[in-house]
J.: 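First, the structure itself, so that you have it in front of you.
All values derive from a computational prediction rather than experimental measurement.
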Amino acid sequence: MAHHQNQHQVKAKKHLGQHFLNDESVAEKIANTLTLERYKTVLEIGPGMGVLTKYLLKKDLTTYVIEIDTESVAYLQANYLNLAPRIIEKDFLKFDLNDVFKGEPFAIIGNFPYNISTQIVFKTLEMRDQIPEFSGMFQKEVAQRICSKEGSKVYGILSVLTQAFYHAEYLFTVPPNVFNPPPKVDSGVLRLIRKENYTLLCDEKLFFKTVKTAFQQRRKTLRNSLKTFNISDNLKANPIFGQRPEQLRVEDFIALTQLIENDV
């Protein structure tokens with residue numbers, strides 16, 4: 001019976017954004033992006049048929065996987081017996097990970113489903129106290145955006161919020177032909193390593209709000225895009241407000257938040 005099941009391949013489901021990686025060397029290369037520092041556990045998001053998982057299982061780590069697709073779960077249970085107790089059949093975005101990890105640190109890795117990849121990053125940022133490292137595959141342009149620096153056309157909310165807490169590095173590009181079905185665009189693998197000191201020197205909620213509001217009208221100067229903040233005329237005269245959001249480094253956004261906080 002088990003042998004029979006091994007032959008069965010999982011069909012990629014469009015509504016789940018699934019593109020199964022079927023290139024062993026790329027899978028191994030992604031697994032090897034993990035530094036294995038500061039954690040003993042890794043959570044893989046969306047393992048599918050386990051092409052990346054099997055390389056994680058060879059490492060000196062405890063591997064958990066989270067998978068919403070029942071067909072993939074059945075395949076993994078049949079083919080990776082030692083993994084079976086650590087398969088979480090849940091939606092990563094809705095599940096409270098501390099039901100499993102109990103406050104312990106863990107890394108995140110995966111060939112992320114395209115349609116939820118940015119939400120995966122936002123949830124990681126929320127849980128940053130527990131996630132010292134994060135690596136994985138996105139659509140190339142999303143990976144580039146996360147890692148881009150000020151002055152770039154693609155620099156935006158995701159870049160600033162991620163880089164406030166993590167060092168972001170674009171590692172390598174993956175062509176469509178190593179997936180089934182092949183996506184229409186290239187993919188990119190990145191790694192985020194949490195900063196030594198990742199406590200913001202400003203009000204965190206206000207920082208998130210400032211960055212998001214500024215980039216909602218990225219062509220405008222901050223004086224115009226942050227109108228709703230009711231900034232005093234005195235502060236509006238500060239040259240920083242004459243800039244557009246894409247000109248500001250992460251440190252500048254932190255300084256800007258401090259200025260808004262202390263504005264009377």
Side-chain angles (χ1 to χ4, degrees), residues 5-12 16-69 71-88 92 105-114 116-117 120-121 124 131-144 146-147 166-183 185-194:
Q5 236 175 323
N6 283 355
Q7 308 312 310
H8 172 74
Q9 295 286 296
V10 178
K11 192 175 174 320
L16 293 177
Q18 288 176 329
H19 293 277
F20 292 130
L21 179 62
N22 54 20
D23 183 305
E24 295 293 332
S25 64
V26 174
E28 186 169 19
K29 205 171 162 185
I30 296 170
N32 289 341
T33 61
L34 293 175
T35 67
L36 312 186
E37 286 168 26
R38 302 191 290 179
Y39 55 89
K40 293 272 181 281
T41 306
V42 65
L43 174 64
E44 182 189 354
I45 299 174
M49 289 181 278
V51 61
L52 171 59
T53 320
K54 68 165 152 331
Y55 292 104
L56 299 174
L57 292 169
K58 292 178 181 173
K59 295 190 179 292
D60 190 15
L61 280 174
T62 306
T63 300
Y64 284 81
V65 301
I66 187 161
E67 176 58 76
I68 201 171
D69 176 28
E71 203 191 346
S72 292
V73 168
Y75 181 92
L76 293 167
Q77 283 168 338
N79 291 286
Y80 296 90
L81 300 177
N82 52 346
L83 179 71
R86 295 187 306 283
I87 299 171
I88 308 163
F92 173 79
F106 59 96
I108 285 182
I109 198 167
N111 164 26
F112 303 123
Y114 278 179
I116 62 161
S117 63
I120 290 172
V121 177
T124 299
I131 305 175
E133 192 170 285
F134 173 108
S135 66
M137 184 146 53
F138 292 83
Q139 264 172 283
K140 183 181 179 181
E141 63 157 60
V142 177
Q144 285 174 321
I146 293 167
C147 300
Y166 289 88
H167 298 289
E169 192 185 354
Y170 186 94
L171 299 174
F172 56 90
T173 300
V174 180
N177 63 343
V178 299
F179 297 93
N180 182 19
V185 292
D186 279 344
S187 300
V189 174
L190 62 73
R191 178 173 56 214
L192 307 176
I193 295 180
R194 195 177 58 202

J.: Do the side chains of Pro113 and Ile120 get nearer than 4.5 Å, heavy atoms only?
T.: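 Contact flag for Ile120/Pro113 side chains = yes.
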
J.: Rounded to the nearest 0.5 Å, how far does CD of Glu141 lie from CG of Asp186?
T.: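 The CD atom of Glu141 is 11.0 Å from CG of Asp186, to the nearest 0.5 Å.
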
J.: Is any side-chain heavy atom of Val121 less than 4.5 Å from a side-chain heavy atom of Val142?
T.: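 Of all side-chain heavy-atom pairs linking Val142 with Val121, none is under 4.5 Å.
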
J.: Could you go through the side chain to side chain contact (heavy atoms under 4.5 Å, CB included) check for Gln9 and Asn180 one step at a time?
T.: CA-CA 11 Å; Gln9 295 286 296; Asn180 182 19; over 6 Å; no

J.: In Å, rounded to the nearest 0.5 Å, how long is the span from NZ of Lys59 to NZ of Lys40?
T.: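 Here the interatomic distance stands at 14.0 Å.
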
J.: Is a donor on one side and an acceptor on the other found under 3.5 Å between the side chain of Glu169 and the backbone of Cys147?
T.: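 Here the side-chain-to-backbone pair does not exist.
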
J.: Mind checking whether Lys29 and Tyr55 have side chains closer than 4.5 Å, heavy atoms only?
T.: no

J.: How close do Thr33 and Arg191 get, heavy atom to heavy atom, and via which atoms?
T.: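 It is O-NH1, 2.8 Å.
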
J.: How close do Leu61 and Val42 get, counting heavy atoms only, and between which atoms?
T.: CD1-CG1, 3.8 Å

J.: Please determine whether side chain to side chain contact (heavy atoms under 4.5 Å, CB included) holds for the pair Ile87 and Tyr80, giving the CA-CA distance in whole Å, both sets of side-chain angles, and the decisive distance to 0.1 Å.
T.: CA-CA 10 Å; Ile87 299 171; Tyr80 296 90; over 6 Å; no

J.: Which heavy atom in Phe112 sits nearest to a heavy atom in Ser117, and how many Å separate them?
T.: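 That closest heavy-atom pairing would be CB-CB, 4.2 Å.
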
J.: Enter the distance from Arg194:CZ to Glu37:CD here, rounded to the nearest 0.5 Å.
T.: 12.5 Å

J.: Looking at side-chain heavy atoms only, is the closest gap between Tyr75 and Pro47 below 4.5 Å?
T.: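 The answer is no; the side chains never approach within 4.5 Å.
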
J.: Go through it in stages, so that I can follow the logic: the residues are Met137 and Ile30, the test is side chain to side chain contact (heavy atoms under 4.5 Å, CB included), and I'd like the CA-CA distance, side-chain angles, deciding distance and then a yes or no.
T.: CA-CA 8 Å; Met137 184 146 53; Ile30 296 170; 3.5 Å; yes

J.: Can you see which heavy atom on Ile108 is nearest to which on Thr124, and at what distance?
T.: CD1-OG1, 3.7 Å

J.: Report the C-alpha separation of Glu133 and Tyr166 in whole Å, then their side-chain angles, then the decisive distance to 0.1 Å, and conclude whether the side chain to side chain contact (heavy atoms under 4.5 Å, CB included) test is met.
T.: CA-CA 8 Å; Glu133 192 170 285; Tyr166 289 88; over 6 Å; no

J.: Atom CZ of Phe106 and atom OG1 of Thr63: how far apart are they, to the nearest 0.5 Å?
T.: 13.5 Å

J.: What heavy-atom pair brings Thr41 and Pro105 nearest, and what distance separates the two atoms?
T.: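 Closest approach of Thr41 to Pro105: CB-O, 4.1 Å.
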
J.: Rounded to the nearest 0.5 Å, what separates atom CD1 in Ile193 from atom CD1 in Ile131?
T.: 14.5 Å

J.: Roughly how far, to the nearest 0.5 Å, is CZ of Phe134 from CD1 of Ile45?
T.: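 The CD1 atom of Ile45 sits 6.0 Å away from the CZ atom of Phe134.
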
J.: So do the side chains of Val51 and Glu24 get within less than 4.5 Å of each other, counting heavy atoms only?
T.: yes

J.: Are Gln144 and Phe138 close enough that some pair of their side-chain heavy atoms sits under 4.5 Å apart?
T.: no

J.: Using every non-hydrogen atom in the two residues, find where Val26 and Asp23 come nearest and quote the distance to one decimal.
T.: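 Shortest heavy-atom separation between Val26 and Asp23 comes out as N-OD1, 3.0 Å.
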
J.: Should Leu192 and Ile146 count as side-chain neighbours, where that means a heavy-atom distance under 4.5 Å?
T.: yes

